[in-house]
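This report refers to the structure that appears directly beneath it.
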Amino acid sequence: MPLVSAVPDRPLVPDWLAAPKDANALAAGVWPASAHRDDQGVLEVAGVSVAQLRDTYGTPLYVIDEDAVRARAREVRRAFDAAAARHGTRARVYYAGKAFLSTEVVRWVTGEGLAVDVATAGELAVALAAGADPARIGLHGNNKSVAELTQAVEIGIGSVVLDSPIELERLAAIAERRGAVQSVSVRVNSGVHAETHDFLATAHEDQKFGFALTDAAAAVARIRELPSLRFVGLHCHIGSQIFGTAGFEESAGRLVELHAELLAGGEIPVLNLGGGFGIAYTSADTPTPIEQLADGIVDAVARECDVRGIPMPNLAFEPGRTIIGRAGITLYEVGTVKPVQVSDDLTRLYVSVDGGMSDNARPALYGAQYSARVVSRTSSAEPALARVVGRHCESGDIVVDAEYLPADITPGDLVGVPATGAYCYSLASNYNFVPRPPVIAVRGGAARVIVRGETIDDLLARDAGVSTEELA
Ligand SMILES: *Cc1c(COP(=O)(O)O)cnc(C)c1O
């Protein structure tokens, strides 16, 4: 572990972070739209007070605004529908389940007209338990097991996204033995890799997913030879937390060129451009509105099709984060507050909360930035530079790397971290044998458990050396 800062190569205070005029204010576009403070200054989400949530469920706690997820799912679907309709075609939106998966959430998004993407038997089990239509499920992954591929064929899954020549042959054999014809798409490594503001376009991208652009045509030719497989189209996914359309447009150009060549060998109903649309984690993030993204990407595909004189295919997209990210917040209770002198003229308040990298791995995993507020009260104290840290035995166990919080923040205060709906619960672990928190859905002033919290007994139950009597 580095000696000076837990996060190397970063200034002590990030340049985008300014001391706020009001350290109680909730940044627009970061918190759920329903979030506001009541007369006492306590945060309410979807009409439910966080003080009441703490009293009922304890902390740490994942809270999800159901209507926010539903509204966003509708908004995203309508944006792509409208953009596609302007070019006389259709768009299907798959919810990328890995962002956050539970049966409730699957029901919300499928209820709003989305299809679902899964990548493992476990994710598939959740989607099926929620009653998702197998014909509207896509199966991804670079190393799907024989058992997973077999189950996919047997339940009549909508499409399997092929990732390698070995998998292509494996799936063909499985489908043939069952007398089935499985629809497949081919994941192409477009050489475009995007991350937030920048994208990189290379001839050969050095990563594990998909077929190289130069190998995809041979894979498609092979699929077309095999009676047990039906080629439905090309797929690519260029990254995650992407702002702007440039990366998508570059990648769409490369994909449409290949799509046009492959049309010579037969029809291709769909072009799938993946997900990756960014959200705001802090007030410094300014994601592109979804209508603008949808129009920009779909217009780019239309231009590329026009140039080549080919018809517009149906389109598919796979957003995860942008559907559920902003709808979720995490509540923690402050346990200790410790000023640490980090340079001659800078003191940082280390605020330790009762969760950490076990409920939000993203800061430790990717250096992800979040924001935070004291949500159990307002304060008129001066804003102080703070770092919200977890309770785990790692100095990289950071929840919010840099934020201004009221200088009088104290044990017992509740801290809320917004924009934790995606890739927090799904990446949670039991590090240090900390039980994973429950997930609470809030809607119209009511709260309910959609995933119960783990108990110490849950953790002991898998240890073969613990007798069942001890657990009872
Ligand atoms: C993760 C993933 C997505 C969703 O990415 P988001 O950034 O959450 O929108 C879509 N498609 C594929 C293939 C993925 O792996």
Side-chain angles (χ1 to χ4, degrees), residues 69 72-73 75-77 79-80 91-101 105-106 109 114-120 122-124 127 136-144 148 152 157-164 167 184-190 192-197 199 205 207-211 232-245 247-248 251-252 255 270-281 285 287-288 290 293-294 297 315-328 360-362 365-366 368 419-427:
V69 177
R72 185 62 177 167
E75 194 179 10
V76 171
R77 181 174 56 73
F80 283 105
R92 177 179 279 193
V93 176
Y94 290 83
Y95 169 63
K98 75 177 193 281
F100 181 110
L101 206 63
V105 167
V106 170
V109 298
L114 271 52
V116 181
D117 263 350
V118 298
T120 63
E123 290 183 354
L124 178 59
R136 288 173 57 82
I137 299 178
L139 179 63
H140 279 275
N142 65 302
N143 189 15
K144 308 169 196 79
E148 285 166 334
I157 211 162
S159 73
V160 174
V161 183
L162 293 175
D163 200 87
S164 66
E167 184 180 69
V184 295
S185 48
V186 168
R187 180 161 180 170
V188 176
N189 178 351
S190 70
V192 175
H193 188 81
E195 242 166 290
T196 309
H197 303 287
F199 77 89
E205 206 197 351
Q207 52 98 336
K208 71 175 183 176
F209 290 111
F211 291 80
V232 296
L234 299 173
H235 170 282
C236 79
H237 173 69
I238 60 170
S240 203
Q241 184 57 6
I242 300 164
F243 289 175
T245 58
F248 293 104
S251 161
L255 267 276
V270 189
L271 180 65
N272 187 328
L273 295 174
F277 314 117
I279 66 166
Y281 285 98
D285 293 331
T288 317
I290 195 71
L293 272 177
I297 298 168
L315 299 173
F317 297 92
E318 304 175 328
R321 186 190 314 267
T322 197
I323 303 292
I324 199 157
R326 187 183 160 195
N360 186 352
R362 296 187 65 256
L365 201 55
Y366 318 118
T420 58
Y423 302 110
C424 288
Y425 167 67
S426 57
L427 280 168

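Ligands are counted one by one from 1 in listed order, and the atoms in each one are counted from 1 as well. Because only heavy atoms are used, hydrogens play no part in the values below, and waters and symmetry mates are left out as well, while side chains stay in.
L273 places a side-chain heavy atom less than 4.5 Å from the side chain of L271. L124 is not listed as a side-chain neighbour of E148, based on a closest heavy-atom distance of 4.5 Å or more.
In terms of polar-atom proximity, defined here as any N/O pair under 3.5 Å, R187 makes no such contact with ligand 1. Between R321 and ligand 1, at least one pair of N/O atoms sits closer than 3.5 Å. Taking any N or O of G320, backbone or side chain, at least one lies under 3.5 Å from an N or O belonging to ligand 1. At least one N or O atom of G276, backbone or side chain, sits closer than 3.5 Å to an N or O atom of ligand 1.
Note on E123 versus K98: no salt bridge recorded, every NZ/NE/NH1/NH2 to OD/OE distance being 4.0 Å or above.
Ring geometry for F248 versus F277: interplanar angle of 30 to 60°, hence tilted.
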Please lay out, stage by stage, how H140 and H235 fare under the test ring-ring contact (aromatic ring centres under 6.0 Å, His included). CA-CA 10 Å; H140 279 275; H235 170 282; 4.9 Å; yes
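Every atom of ligand 1 with a heavy atom of P319 under 4.0 Å away is listed here by number and element: 9 (O).
Among H235, H140, E318, Q241, the residue whose heavy atom lies closest to atom 4 (C) of ligand 1 is E318.
At least one test fails for R321 against the ring of Y423: distance under 6.0 Å to the centre or angle within 45° of the axis.
The only member of V109, V105, I279, T420 that meets side-chain contact (heavy atoms from CB on, under 4.5 Å) when paired with I324 is V105.
Scanning the protein for heavy atoms near atom 15 (O) of ligand 1, the closest one is K98 NZ, 2.7 Å. Ranking protein heavy atoms by distance to atom 7 (O) of ligand 1, first place goes to S240 OG, 2.3 Å. With hydrogens left out, the protein atom closest to atom 8 (O) of ligand 1 is Y423 OH, 2.6 Å, a heavy atom.
In this structure, A422 does not count as a contact residue of ligand 1, since none of its heavy atoms falls inside 4.0 Å of the ligand.
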